[in-house]
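Sequence lines set the chain letters: A, B, ... in the order given, protein chains first and strands last, and positions in each chain run from 1. Since the structure is predicted, the reported quantities are computational estimates derived from the model, not experimental observations.
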2 protein chains.
Amino acid sequence: MSKGIPIATIARLPVYLHGLRLLTDRGVSVVSSEELANLTAVRSTKLRKDLSYLGSYGVRGVGYDVSYLTHQISRAMGLTQNWAVVLIGIGNLGQALAGYGGFSSRGFQIKALLDADPKKIGSIVGGQSVLHIDQLERVFSENANSIAVLAVPESAAQGICDRVVGAGVTSILNFAPMVLQVPSSVELRKVDLSIELQILAFYEQRKLANSSALLNSV
Amino acid sequence: MSKGIPIATIARLPVYLHGLRLLTDRGVSVVSSEELANLTAVRSTKLRKDLSYLGSYGVRGVGYDVSYLTHQISRAMGLTQNWAVVLIGIGNLGQALAGYGGFSSRGFQIKALLDADPKKIGSIVGGQSVLHIDQLERVFSENANSIAVLAVPESAAQGICDRVVGAGVTSILNFAPMVLQVPSSVELRKVDLSIELQILAFYEQRKLANSSALLNSV
DNA sequence: GGCTGTGAAAAAGTTCACAGCT
DNA sequence: AGCTGTGAACTTTTTCACAGCC
């Protein structure tokens, strides 16, 4: 049943959840696939196909109940439970992440902030005190099944990653712009803030190239 | 020739560039597809296939010249020219982006920082002074073909986006966790810091579900 | 021998077309 | 009549297998 949800679908479910939250805020209780698709910049057929992998939660001729669909997607994604997150690296990006509302609103609870810089230890960021990186193993042993979020400099990333894996963590989100090596049993995902910018540059370049080609052909 | 580079390939080229930069730093001058693939967490056949869309830049039996390949990928992606970037929204995330080395090292030059908060105007972030959002239209008219990077609150994002589009911008990178509406002539890409975390939660949940199923079956 | 480059096959993902329910 | 749910067709992406060159 809900065994084989395609990876591409899973990546879109959070976007649908966001659209549903907007509708909830507006007091909308029922939505059609067409309307929700417009809010989330996908085609309605794709949305319906995606939802069909989770089950049949709509009503034909009517649409989807917003709160019921929200619950079903959340459940499918494992967001009905609270997730413990440990944030490592409290630089600019780490501070941004610590204060980012999108985490707590989705059930992610930041259990600890770790940094190696003695000047940062004890300072309050996002409502809690920064701990020294030496506490890493203790923090993870006290918070089983935590997700580690790495916002450390590139040069430190692999070393910290190894310690995190050694502490038994099986889910890591990496913001450092580098490829980390982990055992295959560990789920690792990466966010590189500059990759999307480079992709934009590619499209912008092509646009400029096309318009100058157009000029030449006139 | 280089007309039809698949989108999936384009999204990986920045990752290859990063691997090549590592090799350059280590003084490596020639690399095989196998080695570069290991650095970038893809299969070597996929890497070779991707590179084949750009041209034949390797040498059979030998590998790829690191600096030559770097140049060819950069050229294909439009990174040999400098790109003007205007960063809007200088909160925690905006400050992180302003100080992020991954931009300048790839030819992206932050031309201006804009914010609506009077307390921030004139303060120095990442080496330059924050301007008031009123300057938006002037800034973009003085910097043709700029890319706009939005790191503003969700509630302000669509309004700012509309002004940016009105100022003639055709490439926008959005960090606000919402879907923006733009004309089809505008290239819009989005980075949502929490989506990857939600995807991780999905995998972690499945892992936990599987291990308890295993326990039950014993 | 070793490694690239690439058609062909396979897999994954998207869109279409329409059956099925309210 | 209106909107969901889904097999089937189509498109894109990945992987395979091996020819081609140093």
Side-chain angles (χ1 to χ4, degrees), chain A residues 1-16 19-20 23 28-73 76 195 199 202-203, chain B residues 1-16 19-20 23 28-73 76 195 199 202-203:
Chain A
M1 187 183 78
S2 73
K3 184 64 240 299
I5 306 179
I7 298 164
T9 294
I10 291 163
R12 280 187 297 267
L13 292 180
V15 183
Y16 302 151
L20 289 168
L23 292 169
V28 177
S29 62
V30 174
V31 68
S32 70
S33 62
E34 191 65 38
E35 291 163 331
L36 184 54
N38 286 340
L39 277 175
T40 52
V42 302
R43 302 285 183 84
S44 63
T45 52
K46 192 192 270 186
L47 170 59
R48 289 204 303 279
K49 188 68 155 181
D50 282 341
L51 296 182
S52 78
Y53 293 117
L54 312 185
S56 297
Y57 300 130
V59 180
R60 290 168 203 233
V62 180
Y64 300 87
D65 182 89
V66 172
S67 80
Y68 183 56
L69 186 58
T70 300
H71 176 73
Q72 291 300 342
I73 297 179
I195 281 183
I199 296 172
F202 171 82
Y203 285 115
Chain B
M1 186 184 78
S2 74
K3 183 64 239 301
I5 306 178
I7 297 164
T9 295
I10 291 163
R12 281 187 297 266
L13 292 179
V15 182
Y16 302 152
L20 288 168
L23 291 168
V28 177
S29 63
V30 174
V31 68
S32 69
S33 62
E34 191 65 37
E35 292 163 331
L36 184 54
N38 286 340
L39 278 176
T40 51
V42 301
R43 301 285 184 81
S44 64
T45 52
K46 192 191 272 187
L47 171 58
R48 290 204 302 278
K49 189 66 158 181
D50 283 340
L51 295 182
S52 77
Y53 293 117
L54 312 185
S56 297
Y57 300 129
V59 181
R60 291 168 201 234
V62 180
Y64 300 87
D65 183 272
V66 171
S67 78
Y68 183 57
L69 185 58
T70 300
H71 175 75
Q72 292 299 342
I73 296 180
I195 280 183
I199 295 172
F202 171 83
Y203 285 115

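When each of A:Val15, A:Ile73, A:Thr40, A:Leu39 is tested with A:Leu20 by the rule side chain to side chain contact (heavy atoms under 4.5 Å, CB included), just one qualifies, namely A:Ile73. Partner of B:Glu34 under the side chain to side chain contact (heavy atoms under 4.5 Å, CB included) criterion, out of B:Leu36, B:Val31, B:Asn38: B:Asn38 alone.
One atom, CG of B:Leu47, and another, C1' of D:dT14, lie 13 Å apart when rounded to the nearest Å. One can place OH of B:Tyr53 at 14 Å from P of C:dG5, the figure rounded to the nearest angstrom. For the pair A:Ile10 CD1 and C:dA12 P, the computed distance is 13 Å after rounding to whole Å. Computed from coordinates, the B:Leu51 CG to C:dT6 C1' distance equals 13 Å when rounded to whole Å. When the P atom of C:dC3 is taken as reference, atom OH of B:Tyr64 falls 12 Å away, rounded to whole Å. If you measure from atom CZ of A:Arg48 to atom C1' of D:dG5, you get 8 Å, rounded to the nearest angstrom. Atom CD1 in B:Ile5 sits about 15 Å away from atom C1' in D:dT13, given to the nearest Å. If you measure from atom CG of A:Asp50 to atom C1' of C:dA12, you get 13 Å, rounded to the nearest angstrom.
Residues A:Lys46 and B:Ser52 each lie close to DNA chain C; by heavy-atom proximity, the contact nearer the 5' end of the strand is made by B:Ser52. Position along DNA chain D of the nearest nucleotide to A:Lys49 versus A:Val62 favours A:Val62 as the more 5'-ward residue. Residue whose closest nucleotide on DNA chain C sits further toward the 5' end, between B:Ser33 and A:Ala8: B:Ser33.
Considering only the side chain of A:Pro6, C:dG13 comes nearest among D:dT13, D:dC3, C:dG13. The listed nucleotides are C:dG13, C:dA17, D:dC21; the one nearest the side chain of A:Thr45 is C:dA17. Among D:dG20, C:dG13, D:dT6, the nucleotide with an atom closest to any side-chain atom of B:Arg60 is D:dG20. Counting only heavy atoms from C-beta on, A:Ser32 has its side chain closest to D:dC3 among C:dC3, D:dC3, C:dT22.
In this structure, a donor-acceptor pair under 3.5 Å is present between the side chains of A:Ser67 and A:Asp65.
Between the side chain of A:Thr70 and the main chain of A:Val66, a donor-acceptor pair closer than 3.5 Å is present.
For C:dT14, the OP1/OP2 oxygens have a side-chain nitrogen or oxygen of A:Arg12 closer than 4.0 Å.
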Checklist line | Chi angles and distances behind the side chain to side chain contact (heavy atoms under 4.5 Å, CB included) call for B:Tyr57, B:Leu51 | finding: CA-CA 8 Å; B:Tyr57 300 129; B:Leu51 295 182; over 6 Å; no
